[in-house]
Chemist: 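Below is a structure I'd like to ask you about.
Numbers restart at 1 for each chain; the letters A, B, ... are given by sequence-line order, proteins then strands. Every heavy atom of this structure was used, including side-chain atoms; hydrogens, water molecules and symmetry mates were not.
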Amino acid sequence: MHDTPAILRAIFDALYRAYGPQHWWPGESRIEIAVGAILTQNTNWTHVEKAMAYLRSAGLLDWKALREIDAAPLAELIRPCGYYRVKARRLKNFVEWLWRNCDGDLDALKQKNLAVAREALLSVNGIGPETADSILLYAVGHATFVVDAYTARVARRHRLIDEAAGYDALKSVFEDNLESDAEVYNEYHALLVAVGKRHCRPRARCEGCPLEGFDHDSDA
DNA sequence: TGCCAGGCCGGGT
DNA sequence: ACCCGGCATGGC
């Protein structure tokens with residue numbers, strides 16, 4: 001069976017039945033989402049939450065405050081999430097870029113079309129495809145599918161795509177076979193993370209995984 | 001006790 | 001166009 005849209009829908013339904021709505025980042029401000037997207041690079045989310053709490057206490061979940069603090073003290077605050085010196089620099093790069101190009105307001109990205117906004121974000125040093133897509137989808141509301149380590153692992157393990165596929169190819173699997181809709185992409189990605197955390201670990205076998213039996217035939 | 005986590009960059013082939 | 005080393009803490 002090679003009906004990829006049908007498989008993707010079936011996977012979504014199975015995950016939704018198992019885990020329910022994820023409603024990622026509902027009450028969080030745009031800045032929390034964007035900052036979180038950078039802090040979570042190659043890092044467990046639980047560590048990011050600790051760093052975010054420090055930022056919140058310091059009143060730094062605010063564009064102006066974040067723009068004014070130096071990278072060095074900022075780095076100390078986000079220590080728990082690892083790579084803290086790089087990430088402090090990346091946060092500063094992003095904030096400075098936002099200030100100059102968007103009047104310090106992510107809403108300006110909503111006005112631009114998706115492709116333009118994405119290219120603009122990718123030009124910031126420290127913002128790669130996943131971080132850009134996370135910000136665009138979860139903070140701005142653009143319909144762009146986020147590919148992360150979980151997305152890649154689930155897609156490969158269930159043979160939705162070739163083992164060697166890169167970011168853009170993985171992204172296309174979902175974007176070319178799902179309704180282009182931010183709500184759908186939001187929930188789908190969150191559900192992939194949910195199953196990834198519980199079952200789709202690097203070496204672990206997928207026991208009790210809601211996706212058992214959803215292997216896409218790749219022979220043809 | 002190692003191994004790993006919701007990447008990205010810069011330099012080298 | 002890839003491939004690799006570097007970046008770093010904390011949880012299991």
Chemist: Grab the OH-C1' distance between A:Tyr84 and B:dG7 for me, whole Å please.
Modeler: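 In whole Å, B:dG7 C1' lies 19 Å from A:Tyr84 OH.
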Chemist: Let me check something: do A:Val154 and A:Phe145 share a hydrophobic cluster, defined by ILVMFWY side-chain heavy atoms less than 4.5 Å apart, either directly or through other members?
Modeler: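 Linked, A:Val154 and A:Phe145 end up in one cluster.
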Chemist: If you only use heavy atoms from C-beta on, which nucleotide in B:dG10, B:dG7, B:dA5 is closest to the side chain of A:Gln41?
Modeler: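 Selected nucleotide: B:dG7.
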Chemist: Between P on B:dC9 and CZ on A:Arg85, what's the gap in Å once rounded to a whole number?
Modeler: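 After rounding, the gap between these two atoms is 19 Å.
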Chemist: Rounding to an integer number of Å, can you tell me how far A:Arg198 CZ sits from B:dA5 P?
Modeler: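 Answer to the nearest Å: 17 Å.
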Chemist: With heavy atoms under 4.0 Å as the rule, sort A:Arg153 into base, sugar-phosphate or nothing.
Modeler: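 Touches sugar-phosphate only.
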Chemist: Which value, in whole Å, describes the distance between the P atoms of nucleotides B:dG2 and C:dA8?
Modeler: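 Approximately 23 Å lies between the P atom of B:dG2 and that of C:dA8.
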Chemist: Less than 4.0 angstrom from a charged side-chain N to a carboxylate O is my criterion; do A:Asp133 and A:Lys171 meet it?
Modeler: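 Yes, A:Asp133 and A:Lys171 are salt-bridged.
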Chemist: Flag the pair A:Trp63 / A:Phe94 as yes when their ring centroid distance falls below 6.0 Å, and as no otherwise.
Modeler: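 Yes: the rings meet the under 6.0 Å criterion.
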Chemist: How long is the line joining CG of A:Asp133 and P of B:dG7, in whole Å?
Modeler: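 So the two atoms are 13 Å apart, to the nearest Å.
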Chemist: Return the minimal non-hydrogen interatomic distance between A:Leu191 and A:Gly20, and the atom names on each side.
Modeler: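 Scanning both residues, the minimum pair turns out to be CD2-O, 3.6 Å.
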Chemist: Contact boundaries of DNA chain C with chain A (under 4.0 Å, heavy atoms), 5' to 3'?
Modeler: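 Nucleotide range with atoms under 4.0 Å of chain A: C:dC7 to C:dG11.
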Chemist: Heavy atoms only, 4.0 Å cut-off, all strands: where does A:Val124 land among base, sugar-phosphate and nothing?
Modeler: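 Contact class for A:Val124: sugar-phosphate only.
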Chemist: Check this for me: does any side-chain nitrogen of one of A:Asp215 and A:Arg157 sit under 4.0 Å from a carboxylate oxygen of the other?
Modeler: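 Not counted as a salt bridge, because no side-chain N and carboxylate O are separated by less than 4.0 Å.
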Chemist: Distance between the P atoms of B:dC8 and C:dG10, in whole angstroms?
Modeler: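 Taking atom P in both B:dC8 and C:dG10, they lie 23 Å apart.
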Chemist: Say whether, by atom type as modelled, one donor and one acceptor occur between the side chain of A:Lys50 and the main chain of A:Ile78 under 3.5 angstrom.
Modeler: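 No; zero donor-acceptor contacts below 3.5 Å.
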Chemist: Give me the stems containing DNA chain B, sorted by first residue, counting only three or more consecutive Watson-Crick or G-U pairs with both distances under 3.5 Å; say none if there aren't any.
Modeler: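 Output for stems: B:2-5 with C:9-12, B:7-13 with C:1-7.
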Chemist: Is A:Thr43 near enough to B:dG7 that one of its side-chain N or O atoms lies under 4.0 angstrom from OP1 or OP2?
Modeler: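 The answer is no; no side-chain N or O of A:Thr43 sits under 4.0 Å from OP1 or OP2.
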Chemist: Heavy atoms only, 4.0 Å cut-off, all strands: where does A:Ile127 land among base, sugar-phosphate and nothing?
Modeler: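 Sugar-phosphate, backbone atoms only, no base.
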Chemist: Whole angstroms only, please: what is the OH-C1' distance between A:Tyr83 and B:dG7?
Modeler: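 To the nearest whole Å, that distance equals 8 Å.
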Chemist: Heavy-atom count check: over 12 atoms from other residues, nucleotides or ligands less than 6.0 Å from A:Asn113 CG?
Modeler: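 For A:Asn113, atom CG is crowded (more than 12 foreign heavy atoms under 6.0 Å).
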Chemist: Examine B:dA5: is either OP1 or OP2 under 4.0 Å from a nitrogen or oxygen in the side chain of A:Asn44? Give yes or no.
Modeler: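 The answer is no; no side-chain N or O of A:Asn44 sits under 4.0 Å from OP1 or OP2.
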Chemist: Work out how far the P atom of C:dC7 is from that of B:dT1, and round it to whole angstrom.
Modeler: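 The answer is 25 Å between these two P atoms.
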Chemist: Once the angle between the rings of A:Trp24 and A:Tyr138 is folded into 0 to 90°, is it parallel (under 30°), tilted (30 to 60°) or perpendicular (over 60°)?
Modeler: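 Rings of A:Trp24 and A:Tyr138: tilted, as their planes differ by 30° to 60°.
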Chemist: Taking the ring of A:Tyr188 and the ring of A:Phe174, is the distance between their centroids below 6.0 Å?
Modeler: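 Centroid separation for A:Phe174 and A:Tyr188: below 6.0 Å.
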Chemist: By nearest nucleotide on DNA chain B, pick out whichever of A:Leu122 and A:Trp24 is the more 5' one.
Modeler: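 It is A:Trp24, whose closest nucleotide lies nearer the 5' terminus.
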Chemist: Under 4.0 angstrom, heavy atoms only, what part of the nucleic acid is A:Thr46 near: base, sugar-phosphate, or nothing?
Modeler: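 Result for A:Thr46 = nothing.
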Chemist: May I ask you to check whether A:Trp25 and A:Trp45 place their ring centres under 6.0 Å from each other?
Modeler: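 Between A:Trp25 and A:Trp45, which both carry aromatic rings, the centre distance is below 6.0 Å.
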Chemist: 5'-most contact on DNA chain C: A:Arg90 or A:Lys50, nearest heavy atom basis?
Modeler: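 Result of the comparison: A:Arg90.
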